[in-house]
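Everything below concerns the one structure shown next.
Everything numeric in this text was worked out from a predicted model, so none of it was measured.
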Amino acid sequence: MTDNLRNKEYSPREVEKKWYAFWEKEGLFCADDNGSGKKFSIVIPPPNVTGVLHMGHSLNITLQDILCRYHRLLGEDVLWIPGTDHAGIATQNVVERSLAEKNTDRHQIGRERFIAEVWKWRSQYGSAIIHQLKSLGASCDWERERFTMDEGLSRAVRKVFVQLYDEGLIYRGNYIINWCPRCRTALAEIEVEHEELDGHLYHIVYPYPGGKTGPVVATTRPETMLGDTAVAVNPGDQRYANLPSDHVVLPLTGREIPIIRDKYVDMSFGTGALKITPAHDPNDFEIGRRHGLQELKVIDDDGKMTADAGEYAGMDRFKCRSAVVEALSALGLLVKVEDHKHAVGHCYRCHTIVEPNLSLQWFVKTESLAKDAVSAVKTGNIRIIPEKWSKDYYIWMENIRDWCISRQIWWGHRIPAWTCESCGRVIVAVDDPDLCPDCGSESIVQDSDVLDTWFSSALWPFSTMGWPDNTRLLEQFYPTSVLVTGFDILFFWVARMMMMGLHFKGDVPFHDVYVHALVRDEDGKKMSKSTGNVIDPLSIIEKYGTDALRFTLTAFAAQGRDIKLSEKRIEGYRNFINKLWNAARFSFMHLKEAHETFDLDKKSLCLPDKWILSRLKKTIDEVKEALDGYRFNEAAAALYGFVWHEFCDWYLEAVKPALYGKLSEKDRDSALSVLWRVLRDTIILLHPFIPFVTEEIWHSLPGTKGSVMAAAFPGTGRNAALPPRDPDAERDMDIVIGVITVVRNIRGEMNVPPSLALSVIVQSDNDETINKISRHRDIIVNLARLENLTVSIAGEKPGGTATSVVGDAVVSVLLKGVIDFELEINRLEKKMAKIGNQMHGLSKKLSNMDYLKKAPAQVVEKTRANHEELAGELERLSLNLEKIRSMET
RNA sequence: GGGCGGGUAGCUCAGUUGGGAGAGCGGCGGCCUUACAAGCCGUAGGUCACAGGUUCGAGCCCUGUUCCGCCUACCA
């Protein structure tokens, strides 16, 4: 027994440090790529290298760790690859901030030095999140930790880029993209967060040449009018069938722009006339391309107006908005301003309002890739769990747009494309070229952009295993077994991994995708730093221990529902850990040696022994089934109920006399053997969920060697299966528990102090019941605190008792002289009313011919038996009620 | 605008092919019973959002209504 076991309060802090170090030292996290067993592999969703651990990570890591530890117990070869991603924009922002503090910026120090600064930052702070993952108990194979900017992964990125380019699946072009003027980079569609804002709808007259009043257009962004190159109306719109001119004069610029006809325009909205700004609106851009319109950029990459904005050049885009409105108003061209709610895109990194902007970018053609990724799910090669996410996945994939992969930042994988300054040839190559293959010129310039971070993350399941080399790891562990992730990156990441995995490995990157909940605060709000409602996992761990946090998250991780977390709940599960701890402490007072050789089939076991083994068997089956189906909360609930309410509340209490040697030596031996086996298997079962406390207990359990991590799940490997469930024992124990419970119940309701031992008479017409109860009388006497228990065939009713009914037995508690008649009458009447209610429902069914005819015979039989039982109970109670009444008078 | 999820005990939520409404926490009453007061024993509390329908039978299936949450969108 370790010193710790003297403490009746489990203190996780030192225990957790000790065992984590032990696991690492023993190499228990390391995957065996030479093993012959079944393979189980997971790649971690790489957290941002700039990140700090939050509850989302905690849940994500906990669930993966449960799966990995569970599969290790099943004897499988488990590989869990950890790592981080380089988080291009986020990391660059962090380093830029620190440069700003030193009064410099990246442009001053230049690209090369800046990159060096980022690496310096990464080596200094970049492993913070990794340490935090360890504090959660994550059993990742740290020797195989990867970083998306590692050399190997960078090689994979290059190879993928070049191949896709050669296949015509990557192209470069001038398109409208989402631009963050603060980060000065392009953003992918999904990196834009839409937020509903109160804005205005400005109605502006565009006069015809010559000054006649013209069509009225409406816009939420008047400043973009400076870049208008057309006004569009629907071709079927009669209001614009006969116009005095096919041009209008764009106010404030004097430019003449055409009126075009396009079916896109909604006749029913506003005036039916739409201003077209191809360079600053995605829809206008497409209309513009259809009609060959000029694409005029009036907002530059800093969010300021360009020279083409005329007198507004250099003005901030929002200042310009007010200025334009004022000017139009002064000209009498602003006819109306309405309040208008609309969704505005914000940068997901810095929350600046995104500017749709025309620029030269690199794109991945997604159509064919997405098709394969969709069919992988449709055919069942990939299962998405819960299934409902498949639908969202299909909808998104079927509407997927080409993926803008270039970013105008410095930190990331530089695009392997060069342009020859002499002949203009574009060179895309895995190895840096020295000269142009066409003209031989040495003046070739590499594209200055880097790739979207998700481009490298998309390769994660195979790049981390050594691809493009044919490694043993890939051979053994690809495809991975399951991906555990939140739905917020289903499209950012999961879908793209599918596309890349299928295209480059010819196989799915994972068989299952388990999509877990989001962790919210207790009011259901998203946890965020700005709201200040964040529960920090590290301080929770400090206060309650990792196991408590893990078990809480697991217990609430029901499929398809978010987790509302509060400290109160964590405290509750901390208590559970402590309960387990004390159950172990108690057990160790008696367990001095292993009892491995004990034959559990022995007929001589006492009822509680048979019962707890049967319940343990049930729990094992439930845990296995729940985990195999990713129903983590069900596994946790089964374990919680078993440990606390079966093992502790009933089993340990029931076998105390045997353990304390108050019964025969044989009884003690049996109890010790069963206790040992049940405790050991329970600890193994619990280990994936609460690894630390179970490891601590494991090392004090006689007869165990090494780590519980290396143990075998009950019924697998060297851990022989338990005997099958024992329905007889469970039924008998239910009767015993029933008798004890009604006595306690009477004690409570009749206000008899626990210290006062009672005399109880149990009577029944049923010999079998009588036999059973007398056989286990010791348990009843002990747990109901009796001084006297008489079990007999129903005969004369004793007087002065409070009574209850358990099945076909009547339990009478003798309250000589102290019985409160009124209280007892009340109690019986209440109980009888309850039973009467239940019977009423059943009788209604049984008198319904349709029910008797159409319901399955089994169901009807059950109803009938139930009704009979209740009728018996009611009768027995009413006899007692009469008796009490007659005594009262 | 479209889509999705949810409304079950005071609170947070389970409830897997439709067959006697559950847990945890909280409340209340009683206990320092030698593993555990972070505990033990007992107990109260629900028209399963509302209205219809299918069925012998609905928390569960169908329709409509309503409230909340999320995602998404090309009404400028």
Side-chain angles (χ1 to χ4, degrees), chain A residues 5 8-10 194 201-202 217-221 224 232 264-266 268-277 281-284 286-287 340 342-343 388-389 391-392 395-396 399 487-488 518 520 522 524-526 544 548 555-556 558-566 568-569 571-590 625 629 631 633-634 637 640-641 644-645 648-649 652-653 656 660 740-741 744-749 751-755 783-785 838 841-842 844-845 848-856 858-860 862-863 866-867 870:
Chain A
L5 281 158
K8 56 188 186 175
E9 279 166 22
Y10 172 64
H194 291 274
L201 194 57
Y202 301 88
V217 298
T219 181
T220 54
R221 307 187 55 206
T224 62
Y264 167 80
V265 182
D266 179 358
S268 62
F269 187 84
T271 60
L274 175 63
K275 65 188 271 307
I276 303 295
T277 324
D281 182 283
N283 301 304
D284 292 6
E286 279 176 25
I287 295 170
H340 185 74
H342 61 146
K388 65 162 184 160
W389 290 109
K391 208 173 157 186
D392 293 70
I395 291 172
W396 192 79
N399 295 306
F487 67 81
D488 46 338
L518 230 56
R520 299 172 177 282
E522 54 190 316
K525 286 207 257 325
K526 215 168 167 170
Y544 299 102
F556 282 98
Q559 286 187 4
R561 196 187 277 260
D562 287 344
I563 298 176
K564 288 186 203 168
L565 193 68
S566 74
K568 194 89 202 157
R569 265 160 233 158
E571 194 184 314
Y573 286 100
R574 185 272 317 264
N575 294 353
F576 171 70
I577 305 291
N578 198 51
K579 184 74 180 175
L580 175 70
W581 175 250
N582 278 291
R585 286 177 64 224
F586 171 76
S587 303
F588 294 146
M589 289 169 51
H590 304 279
E625 205 176 314
R631 292 185 301 272
N633 61 316
E634 288 182 18
Y640 184 99
W644 201 317
H645 300 304
C648 292
D649 286 353
L652 290 183
E653 295 303 330
K656 269 181 183 172
Y660 280 114
I740 294 165
T741 302
R744 286 171 172 173
N745 175 335
I746 287 169
R747 194 191 276 278
E749 290 187 25
N751 297 321
V752 180
S755 48
L783 296 185
R785 293 181 164 263
Q838 286 175 32
L842 297 180
K844 234 167 74 184
K845 275 190 177 180
N848 181 339
M849 284 309 288
D850 281 329
Y851 174 73
L852 297 177
K853 249 191 314 201
K854 292 183 183 169
Q858 253 178 311
V859 173
V860 175
K862 217 170 133 192
T863 308
N866 214 331
H867 185 267
L870 288 174

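Taking atom CD of residue A:Glu625 and atom P of nucleotide B:G15, one finds them 14 Å apart after rounding to whole Å. Counting to the nearest Å, the P atom of B:G39 and the CH2 atom of A:Trp581 are 17 Å from each other. In this structure, the CD1 atom of A:Ile287 is 9 Å from the C1' atom of B:A76, given to the nearest Å. Going from atom NZ of A:Lys656 over to atom P of B:C40 covers 11 Å, rounded to whole Å. Distance A:Leu842 CG to B:G19 C1': 11 Å, rounded to the nearest Å. The interatomic distance linking A:Asp850 (CG) with B:A58 (C1') rounds to 17 Å, in whole Å. The CD atom of A:Glu634 sits 16 Å away from the P atom of B:A23 (whole-angstrom rounding). Protein atom CG of A:Leu783 is 12 Å distant from nucleotide atom C1' of B:C40, rounded to whole Å.
Remark: A:Phe487 CZ to A:Trp389 CH2 distance equals 4.5 Å, nearest 0.5 Å. Interatomic distance, A:Asn283 CG to A:Thr277 OG1, rounded to the nearest 0.5 Å: 11.0 Å.
Here, B:G64 and B:U54 have their C1' atoms 15 Å apart, quoted to the whole Å. Distance noted for atom C1' between B:C4 and B:G57: 31 Å (whole Å). A distance of about 14 Å separates the C1' atoms of B:A58 and B:U47, rounded to the whole Å. Between the C1' atoms of B:C41 and B:U33, the separation comes to 10 Å (whole Å). For the C1' atoms, the distance linking B:G1 with B:G18 amounts to 36 Å, nearest Å. As rounded to the nearest Å, B:G7 and B:C50 have P atoms that lie 12 Å from one another. Taking atom P on both B:C62 and B:U17, the two are 15 Å apart, rounded to the nearest angstrom. Between B:U55 and B:A14, the distance separating the two P atoms is 32 Å to the nearest Å.
Looking at A:Asn582, its side chain does come within 3.5 Å of a backbone N or O of A:Asn578 through a donor-acceptor pair. No donor-acceptor distance shorter than 3.5 angstrom exists from the side chain of A:Asp281 to the backbone of A:Ile276, with no hydrogens or angles considered.
Nucleic acid contact for A:Asn578: base, since at least one base atom lies under 4.0 Å from a heavy atom of the residue. Heavy atoms of A:His645 sit under 4.0 angstrom from primed sugar atoms or phosphate atoms, though from no base atom. Counting non-hydrogen atoms under 4.0 angstrom, A:Glu749 reaches the backbone sugars and phosphates but no base. Here A:Phe576 lies out of heavy-atom contact (under 4.0 Å) with every strand. Across all strands, A:Pro753 comes closer than 4.0 Å to no nucleic acid atom at all (heavy-atom distances). In this structure, A:Arg574 reaches the bases: a heavy-atom distance under 4.0 Å links it to at least one base atom across the strands shown. Among the atoms of the strands shown, none is found under 4.0 Å from any heavy atom of A:Arg747. Contact annotation for A:Trp389: no contact, since no heavy-atom pair falls under 4.0 Å across all strands. A:Asp266 comes within contact range of at least one nucleobase, with a heavy-atom separation under 4.0 Å. Within the 4.0 angstrom heavy-atom criterion, no nucleotide atom of any strand lies near A:Tyr202.
Which of B:A35, B:G26, B:G19 sits closest to the side chain of A:Ala583 comes down to B:A35. If you check B:G26, B:G39, B:U16 against the side chain of A:Lys568, the one that comes closest is B:G26. Among the nucleotides B:A76, B:A35, B:A73, the one closest to the side chain of A:His194 is B:A73. The side chain of A:Glu9 lies closest to B:A38, out of B:A14, B:G39, B:A38. Out of B:C40, B:C36, B:A76, the shortest distance to the side chain of A:Asp649 is found at B:C40. Comparing B:A38, B:A35, B:G19 against the side chain of A:Val859 picks out B:G19 as the nearest. Side-chain proximity of A:Glu653 to B:C56, B:A35, B:A38: nearest is B:A35. Relative to the side chain of A:Asn575, the nucleotides B:A35, B:A76, B:G39 differ in distance, and B:G39 lies closest. Distances from the side chain of A:Phe556 to the nucleotides B:A38, B:U12, B:C41 place B:U12 closest. The side chain of A:Arg785 lies closest to B:U33, out of B:U33, B:A38, B:C56.
The aromatic rings of A:Phe556 and A:Tyr573 sit perpendicular to each other, their planes meeting at more than 60°, with 30° as the lower class boundary.
Remark on RNA chain B: of its neighbouring residues A:Tyr573 and A:Thr741, the 5'-side contact belongs to A:Tyr573, judged by nearest-heavy-atom nucleotide.
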Please tabulate, one pair per line, each protein N/O and nucleotide N/O from nucleotides 2-4 of chain B that are separated by under 3.5 Å, including the distance.
{"from": "B:C4", "atom 1": "OP1", "to": "A:Lys391", "atom 2": "NZ", "distance (Å)": "3.1"}

**OP:** Dot-bracket for RNA chain B, please, read 5' to 3', with Watson-Crick or G-U wobble pairs under 3.5 Å on both distances, ( ) within the strand, [ ] crossing, | other strand, . unpaired.
**Re:** ((((((((.[[[[.)...(..]]]].(((((.......))))).....[[[[[..)....]]]]])))))))....
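Residues satisfying the ring-ring contact (aromatic ring centres under 6.0 Å, His included) criterion with A:His342, sequence neighbours excluded, are A:His340.
Contact record, A:Val217 with A:Lys275: CG1-N, 3.9 Å, taken as the closest heavy-atom pair.
Looking at A:Tyr264 and A:Leu274, their side chains come closer than 4.5 Å, going by heavy atoms from C-beta outward.
Summarising the local packing, NZ of A:Lys656 is surrounded by more than 12 heavy atoms from other residues, nucleotides or ligands at distances under 6.0 Å.
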